[in-house]
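Presented below is the structure to which this report refers.
Values below: every heavy atom of this structure, side chains too, minus hydrogens, waters and symmetry copies.
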Amino acid sequence: MSRFSGCFVAFGLLTALAWAQDAPEAAKPKPLDTAKASVDNADWSAAIDAYTAHLRGLTTRDYRDKKTFSWILEAFEKQAQGNPPDYEAFQQIVKGKLPRNREKGDPLLVWRLHALLAEIAARQGNDPEVLKATEVAIDWYPNTTYGDPATQSRLQHLYNDAALLRAKSDPAGGETYLLDEFLRDERFDFVYLKPWQDFYNDNPEAYQDFARRVLETYDQKIKRYPAKTDLLTHYRKITEEALGTTPQ
């Protein structure tokens, strides 16, 4: 055998060995597939774990933080086949995944767990518990840098949920809560106004007044966080244009 032939055979053997070593890894199911299979088997704990692993492989450009465990809760409800779902049992599964102390908690997981508890409480008609769980989800929400928070972040929706719950009984209090948190929280870059437009559907003047206060708060926030001037100015302009108040 020539030296060239021997090298070729050796290279082939090494390639085959490398492929054989990689094959089992490639054959492993992807976390998303495992999550779906766990849902099919009604293993809700494993579904949450596998979907968390899937989320860890995503980035903000994949709209990771728009994705939650809601679909697992909906699958759990469908499994009841028309009977009242045992929300208490599902709730215990979720609570069992919460960290005992903050240092050991993974924000990517924990804020979603509390958001899921808020959804369960909403199904049960327990507004105080919805508000409590939503506020904890906000507290755990990571300080992430987004290219476009309006489309990539869920934080503005969590704040709206908490504010609108307050606004049910105290519209002014709900507005003040949202505006105060928007000004205070450096993570909170965009105010999504559509739910407020729906809330004030029968009182458009109240909505316009609130939206103008949002614009004023943008101005205050730009001064407080000058490093975010470009981003906040962009969202302020979008809001102003939606209201039809942009100077010609």
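Inter-residue side-chain proximity for Gln208 and Leu243 is flagged as met; some heavy-atom pair is nearer than 4.5 Å. The side-chain heavy atoms of Val136 and Leu117, taken from C-beta on, include no pair separated by under 4.5 Å. Asp106 places a side-chain heavy atom less than 4.5 Å from the side chain of Arg56. Under the 4.5 Å side-chain criterion, counting only non-hydrogen atoms from C-beta, Pro171 is in contact with Phe199. Under the 4.5 Å side-chain criterion, counting only non-hydrogen atoms from C-beta, Thr68 is in contact with Trp111. With contacts defined as side-chain heavy-atom distances shorter than 4.5 Å, the pair Val214/Tyr235 does not qualify. With contacts defined as side-chain heavy-atom distances shorter than 4.5 Å, the pair Arg102/Asp139 qualifies.
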Inset, instruction - Starting from the C-alpha separation in whole Å, work towards a yes-or-no answer on side chain to side chain contact (heavy atoms under 4.5 Å, CB included) for Phe188 and Leu158. - result: CA-CA 10 Å; Phe188 188 6; Leu158 293 173; over 6 Å; no
Inset, instruction - Applying side chain to side chain contact (heavy atoms under 4.5 Å, CB included), run through Asn160 and Trp196 and close with a yes or a no. - result: CA-CA 8 Å; Asn160 267 343; Trp196 290 93; 2.7 Å; yes
Inset, instruction - Using the salt bridge (charged side-chain N to carboxylate O under 4.0 Å, His left out) rule, take Arg61 and Asp148 through it: C-alpha gap first, then chi angles, then the decisive distance, then the call. - result: CA-CA 9 Å; Arg61 294 174 186 270; Asp148 183 12; over 6 Å; no
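Using a 4.0 Å cut-off between a side-chain N of Lys or Arg and a carboxylate O of Asp or Glu, Arg64 and Asp62 do not qualify as a salt bridge. Between Arg212 and Asp209 there is a salt bridge, since at least one side-chain N of the basic residue sits less than 4.0 Å from a carboxylate O of the acidic one. Taking 4.0 Å as the cut-off between side-chain N and carboxylate O, Glu240 and Lys237 do not count as a salt-bridged pair.
Note on Tyr225 and Tyr141: separate hydrophobic clusters, where clusters join Ile, Leu, Val, Met, Phe, Trp and Tyr whose side-chain heavy atoms are under 4.5 Å apart, directly or indirectly. Follow the hydrophobic side-chain contacts under 4.5 Å out from Leu58 and you reach Ile48 in the same cluster. Leu98 and Leu108 end up in the same hydrophobic cluster when Ile, Leu, Val, Met, Phe, Trp and Tyr side chains are linked at under 4.5 Å.
The hydrophobic cluster around Leu165 extends to Val130, Leu131, counting ILVMFWY residues whose side-chain heavy atoms fall within less than 4.5 Å of a member.
The six-membered or imidazole ring of Tyr218 lies near that of Phe182, with a centre-to-centre distance under 6.0 Å.
Heavy atoms only, all atoms of each residue included: Pro99 and Val110 are closest at CD-CG2, 3.7 Å. Closest approach of Gln79 to Val39, counting heavy atoms only: NE2-O, 3.6 Å. Nearest heavy atoms, Ala115 versus Ala137: N-CB, 3.9 Å. Here the closest non-hydrogen pair linking Phe69 and Leu116 is CB-CD2, 3.7 Å. Taking every heavy atom of both residues into account, Ala150 and Lys66 meet most closely at O-NZ, 3.8 Å. Between Leu32 and His54, the shortest heavy-atom distance links the atoms CB-ND1, 3.7 Å.
Annotation: cation-pi geometry not satisfied between Arg112 and Trp140 (NZ/CZ under 6.0 angstrom from ring centroid, within 45° of ring axis).
Applying the salt bridge (charged side-chain N to carboxylate O under 4.0 Å, His left out) test to every pair with at least one member in residues 74-96, sequence neighbours left out, gives these pairs: Glu77-Arg123. Applying the salt bridge (charged side-chain N to carboxylate O under 4.0 Å, His left out) definition to pairs two or more places apart or across chains, those involving residues 188-205 are Asp189-Lys228, Lys194-Asp198. Residue pairs meeting the salt bridge (charged side-chain N to carboxylate O under 4.0 Å, His left out) criterion with at least one partner in residues 159-173, sequence neighbours excluded, are Asp127-Lys168, Glu135-Arg166.
Under the 30°/60° scheme for interplanar angles, the aromatic rings of His157 and Tyr192 are found to stand perpendicular. Ring-plane geometry between Tyr200 and Phe210 is classed as tilted, the angle between the planes lying from 30 to 60 degrees on a 0 to 90 degree scale.
With sequence neighbours left out, Ser45 forms a side-chain hydrogen bond (donor to acceptor under 3.5 Å, both in side chains) with Lys97. Shown here are the side-chain hydrogen bond (donor to acceptor under 3.5 Å, both in side chains) partners of Asp40, two or more places apart in sequence or in another chain: there are none.
Inspection of the Glu181 and Tyr159 side chains reveals an N or O donor paired with an N or O acceptor under 3.5 Å.
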